[in-house]
Amino acid sequence: MKRKVRLIVLLCVLVVAVGAAVAVSTIEEQREAIRESGEVVLEIPTDDATALSWEYEDTSLSFRDEGEGWLYDGDEAFPVDDEKISELLEPFSAMSAAFTIEDVTDYGQYGLEDPLCTIEITAGGTDYTISVGDYSSLDYQRYVSTGDGNVYLVADDPMDYYSCTLDDLILNDTIPSFGGATAVSFEGEENYEIVRDESGEYSYRADDVYFTERGGEYVPLDTSKVDTYLQLINTLALDDYATYNATDEEIAEYGLDSPELTVTVEYPERDETGEETGESLTFALSVSRAAADKSSPWDEDEAEEAASDDDSAEATETPSDEDAVAYVRVGDSQIIYIITYDTFRSLMSASYNDLRHAEVLSAEFEDVAAIDITLEGEDYSITSELVEEDGEEQRVFYLGGEEISISSLESALTALSASEFTDEEPGGALEIALTATLVSDEAENGESAGDDAGEEAAAGPSIEIELYRVDGESCLAVVDGESFALVPRSSAVYLIEAVNAIVLG
């Protein structure tokens, strides 16, 4: 009996050993079926592709090309970006494998029994099916099957391309670069035009190149502010749309049948090398809130004022939370884009006051040759001359024949800036008055006194500045006889102290 039991045990051990040997043999066979490749395993003539479709998670998209560009099968009105379709096809134009697994019987172990993504391409009259499986964390590559019985490990992961959505494939409108814009016009809430002029005829500042007409004459705008505004349009993100094929009803719904502002930019055409061709191009952008939102002021201050003036429950405040949106449209495009309310506010900040200079002194201080000051009933005259020191010309200032330091006065005068533009008439007492006389054009060009060191600079145009007290917080700045802006009273005090330090020092 014991002998029989012993034989049974030995037989079981033998069976287990044989099974293990068979398993090891099978594993060895599978290992032998995996070989390092590096060769191109799939070549699809993607230039001849006429159909592309794929399924990934909840996304199922299909496109076709009938000879005039790609069409979305779900809606032929969808504007397909042909270049983005080409990018989707490119990985299969010459797909190479790092490793090839041959004679595969169990696709499930590679995630290919139920593929993560299935891609179908028709090109050159041939249909291709690519199945995308698991990601190998050991090799940092993707398992792919092309239906030839093999599994390939590929470094160029198809899911880097095919995890996109329909929105990623839209042919968005493009915004050109406005470098050297020659004109900008506004219609809607703002109605005026900006022109570019580099002659220097209309400003004391050499950097001023943008001007607009006010009262029959051209006045300068702040170049940095205009450039910043144009840059805002240049960098506008057109990546979120409300509709890609707007009907007339939808255009009206989004408020763009009568936009709150339309900006038209004229700019020079450039060739491939960046050189101007001599021709001009135009770009138009319309911006608006939805028709239902237009009843409320877009500016927060105006909204607060409107709410305070109306105690009824119907007083409406302007949207200011993260969910508030507005819309833009490029030219006559059928795509209506969504923008944030902050972006809308920035685009609407296009008034003359938004883009004009805020500095009270409408010139660079380096061009100031003399300053006449009236303070507390006393008049003072500061003059200057050019002197040469260490081979360089420098302007030296004098009061009553005594050389003075002008740095504090320069800082105070150049810091004098508008807190609020206004045309109100002066009502308070005159705090201080200055007349800044600039160097003449002739002197700058070396045509008269001021060209040689030690000679008094020739007189040029002058700028008259008067500061009137309004209250404890503000003063009214009057420039060349016209009300200009309210300025902080602290800035006026700083200026008065700087003058006193000179005249009483």
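Hydrogens, waters and symmetry mates are skipped; everything else that's a heavy atom, side chains included, is used.
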*asked:* Measuring only between side-chain heavy atoms, which start at C-beta, is L169 closer than 4.5 Å to W70?
replied: no

*What orientation do Y162 and W54 show, parallel under 30°, tilted 30 to 60°, or perpendicular over 60°?*
perpendicular

*Sole candidate of D82, V80, D81 that passes side-chain contact (heavy atoms from CB on, under 4.5 Å) when paired with K84*: D81

*Would you call R289-E260 a salt bridge at under 4.0 Å N-O?*
yes

*Please tell me if the side chains of D354 and Y352 come closer than 4.5 Å, counting only heavy atoms from C-beta onward.*
no

*When Y327 is tested against each of Y337, F344, Y254 for ring-ring contact (aromatic ring centres under 6.0 Å, His included), which residue passes?*
Y254

*side-chain hydrogen bond (donor to acceptor under 3.5 Å, both in side chains) between D271 and T273: does it pass, once the steps are laid out?*
CA-CA 5 Å; D271 59 23; T273 66; 2.6 Å; yes

_Side chain to side chain, V195 and T182, heavy atoms closer than 4.5 Å_ = no

*Heavy-atom distance under 4.5 Å between the side chains of D47 and L89, does that happen here?*
no

*Does the separation of the ring centres of F211 and Y218 fall below 6.0 angstrom?*
no

*Distance-only, no hydrogens or angles: does the N172 side chain make a donor-acceptor pair with backbone N or O of L238 under 3.5 Å?*
yes

*Who are the salt bridge (Lys or Arg N to Asp or Glu O under 4.0 Å) partners of E431, not counting sequence neighbours?*
R489

*Output all residues satisfying side chain to side chain donor-acceptor pair (under 3.5 Å) with S333, sequence neighbours left out; order by chain, then residue number.*
D173

*Donor-acceptor under 3.5 Å (S474 side chain, D471 main chain)*: no

_Minimum heavy-atom separation for L399 and S381, please, with both atom names._
CD1-O, 3.3 Å

*F283 ring center within less than 6.0 Å of Y267 ring center*: no

_Could you tell me if the side chain of Y56 sits less than 4.5 Å from the side chain of M159, heavy atoms only?_
yes

*Donor-acceptor pair, S163 side chain versus D160 backbone, under 3.5 Å?*
no

*Taking the side chain as C-beta and beyond, is there a heavy-atom pair between R142 and L116 under 4.5 Å?*
yes

*Any side-chain heavy atom of N245 within less than 4.5 Å of one from F78?*
no

*Between E279 and R270, is there a side-chain N and carboxylate O pair less than 4.0 Å apart?*
no

*Are I432 and I373 close enough that some pair of their side-chain heavy atoms sits under 4.5 Å apart?*
yes

*In sequence, state the C-alpha distance, the side-chain angles, and the governing distance for T165 and D167, and then conclude on side-chain hydrogen bond (donor to acceptor under 3.5 Å, both in side chains).*
CA-CA 5 Å; T165 65; D167 290 355; 4.9 Å; no

_Holding to side chain to side chain donor-acceptor pair (under 3.5 Å), I want the full list of residues that pass it with T262, two or more places apart in sequence or in another chain._
S286

